[in-house]
Structure formats: C-alpha cells, structure tokens
S.K.: 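Quick one: the structure is below, questions incoming.
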Amino acid sequence: QMVFHLWRAFYDCSIEHQMPCAVQGAPFDVQIDGDEYTVLQPDLMVFCTDPSQVLEERAVKAPDLVCEVLSPTTEFRDRHLKLFKYRDAGVKEVWLVSCEAENVEVYRFQEGREIPDIYSFSDKVPVGIAEGRCAIDLSGIWGEIHRIG
C-alpha cells in the first residue's frame, strides 16, 4: 500500500506543479547506465530528465528519484547494494522508506551529500528534484494506510 500512496503523491506533485515527470512503480526494470548486466527494479521511480523512458521496455538512463520501501527481506540489499548503485548511476535522490521505524531516509546525491536527512511519518518531506515546489505529506499517507488497513 505504501508504494501506491507514494506513487499517487509524486504523481499529484508533478501534475500540480506542471513538472514534466513520469512516475513509475514496480515492476519496471532500470538498466544501470553503461552496465548491461546490472538491472535493478526500484519500488518507485520518478523520471523528469527523460520521462519517455517509461514507454520503453526498460529504462536505460537513471531515474531522477527512486523510492525503496524497506522490508526485512529486502532491507540489506536496498540499503547496502542498490543505494550505492543508484548513486553511481546518477540518481539524484533516493528515499528509503521504513514502515517499521516509521521514517524515511532521503539521500540527495545531486547536492553531493552522502548522509541522509531523516524524516518521521508525521512530517512533510520536501522533494529535492522539485526544487522546493512540493513536499510529500507522510502523515496523510500513513493515516490513510491505517484507515483502510
């Protein structure tokens, strides 16, 4: 459910602020630029630089933003393998969402930062690639998930 609500929030942000972005959820492959053997499948991705990639079989350029919703079975891989592959591929912003800890770690690689900003599920999280135009209301999303839970 978290992935769907985040997808909707990012989509609404792009429409409301007339951003030329495409929001895509899994299953959708991202082939790491220049590496035909490394294919990742983020939970959610936002393409603003080249949104036409969502019309292809798989993306061959890095998304601008990636969200991974952590689970016990994927957390190690998302946090220690995929995160740095995204950074090295040129992803500008990565969100690691933990429903267990009720927080989001936001890595803003476009600013050259390796240490994440950490937000709780009661916060509104600014979307870095939107240059201050929008923020995702995590408290609203978390409340909705629990309401329909």
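Note that the coordinates shown come from a computational prediction; the quantities given were computed from them, not determined experimentally. All values below were derived from every heavy atom in this structure, side-chain atoms included, with hydrogens, water molecules and symmetry-related copies excluded.
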S.K.: Could you state the interatomic distance from OG1 (Thr38) to CG (Asp29), rounded to the nearest 0.5 Å?
M.R.: 12.0 Å
S.K.: State, yes or no, whether a side-chain contact exists between Val97 and Phe121 at a heavy-atom distance under 4.5 Å.
M.R.: yes
S.K.: Applying the ring pair (Phe, Tyr, Trp, His ring centres under 6.0 Å) criterion to Trp95, which one of Phe10, Tyr119, Tyr86 satisfies it?
M.R.: Phe10
S.K.: How far does NZ of Lys82 sit from CD of Gln41, to the nearest 0.5 angstrom?
M.R.: 7.5 Å
S.K.: For Pro126 versus Glu93, what's the shortest heavy-atom pair and its separation?
M.R.: O-OE2, 4.0 Å
S.K.: Taking Ile15 as the starting point, is it possible to reach Val23 by hopping between hydrophobic residues whose side chains are less than 4.5 Å apart?
M.R.: yes
S.K.: Under the disulfide (SG to SG under 2.5 Å) rule, what pairs show up with a residue in residues 39-137, not counting sequence neighbours?
M.R.: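 For residues 39-137, and leaving out neighbouring residues, the disulfide (SG to SG under 2.5 Å) pairs sorted by first residue read Cys13-Cys134, Cys21-Cys48.
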S.K.: Checking side chain to side chain contact (heavy atoms under 4.5 Å, CB included) between Ile136 and each of Leu6, Val106, Asp12, which is the one that passes?
M.R.: Leu6
S.K.: Minimum heavy-atom separation for Ala26 and Pro42, please, with both atom names.
M.R.: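 In terms of heavy atoms, the two residues are closest at CB-O, 3.3 Å.
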S.K.: What distance separates Thr74 OG1 from Leu96 CG, expressed to the nearest 0.5 Å?
M.R.: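 CG of Leu96 is found 9.5 Å from OG1 of Thr74.
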S.K.: Between the side chains of Thr49 and Asp64, does any donor sit under 3.5 Å from an acceptor?
M.R.: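 Yes, because at least one side-chain N or O of Thr49 sits under 3.5 Å from a partner of the opposite role on Asp64.
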S.K.: Looking only at heavy atoms, which two atoms of Glu114 and Tyr107 are closest? And how far apart?
M.R.: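 So the minimum-distance heavy-atom pair works out to O-CE2, 3.4 Å.
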S.K.: Nearest heavy-atom pair of Pro63 and Val66: which atoms, and what distance?
M.R.: CG-CG2, 3.8 Å
S.K.: Can any side-chain N or O of Asp123 pair as donor or acceptor with the backbone N or O of Ser120 at less than 3.5 Å?
M.R.: yes
S.K.: Could you walk me through whether Ile145 and Met2 pass the side chain to side chain contact (heavy atoms under 4.5 Å, CB included) check?
M.R.: CA-CA 7 Å; Ile145 287 171; Met2 178 60 80; 3.8 Å; yes
S.K.: Tell me if the CG atom of Leu55 is crowded by more than 12 foreign heavy atoms within 6.0 Å.
M.R.: yes
S.K.: Side chains of Leu40 and Arg77, heavy atoms from C-beta outward: is any pair under 4.5 Å?
M.R.: yes
S.K.: Contact between Arg79 and Leu70 at the side-chain level, heavy atoms closer than 4.5 Å - yes or no?
M.R.: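 Yes; the side chains approach each other to less than 4.5 Å.
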S.K.: Can you tell me if Phe28 has over 12 outside heavy atoms packed within less than 6.0 Å of its CZ?
M.R.: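 Correct, the count exceeds 12.
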S.K.: Taking CD in Gln18 as the centre, count heavy atoms belonging to other residues, nucleotides or ligands within less than 6.0 Å. Is the count above 12?
M.R.: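 Atom CD in Gln18 is not packed in, count stays at 12 or less.
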S.K.: Please determine whether the number of non-hydrogen atoms from other residues, nucleotides or ligands lying under 6.0 Å from atom CD of Glu57 exceeds 12.
M.R.: no
S.K.: Treating Asp78 as the side-chain partner and Glu68 as the backbone partner, does any N or O pair qualify as donor plus acceptor under 3.5 Å?
M.R.: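 Side chain of Asp78 to backbone of Glu68, a donor-acceptor pair under 3.5 Å: no, none is there.
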S.K.: Between Phe4 and Trp7, what is the ring plane arrangement, given parallel below 30°, perpendicular above 60°, and tilted in between?
M.R.: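 Phe4 vs Trp7 ring planes: parallel.
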S.K.: Between Ser139 and Ser122, what is the shortest heavy-atom contact and its length?
M.R.: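 It is CB-CA, 3.8 Å.
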S.K.: Strictly distance-based, threshold 3.5 Å: is any side-chain N or O of Gln24 a donor or acceptor partner for the main-chain N or O of Phe47?
M.R.: no
S.K.: Spell out, yes or no, whether Leu65 and Tyr11 are grouped together once hydrophobic residues are joined by side-chain heavy atoms under 4.5 Å, including indirect joins.
M.R.: yes
S.K.: Measure from the side-chain N and O atoms of His5 to the backbone N and O of Ile141, and report whether any donor-acceptor pair falls under 3.5 Å.
M.R.: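 Not a single qualifying donor-acceptor pair exists.
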S.K.: So, for Pro51 and Pro20, which heavy atoms are closest and what is the spacing to 0.1 Å?
M.R.: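 Heavy atoms only, the tightest pair is CG-O, 3.3 Å.
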S.K.: So, do Met45 and Val30 sit near enough that their side-chain heavy atoms are less than 4.5 Å apart?
M.R.: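 A side-chain contact under 4.5 Å exists here.
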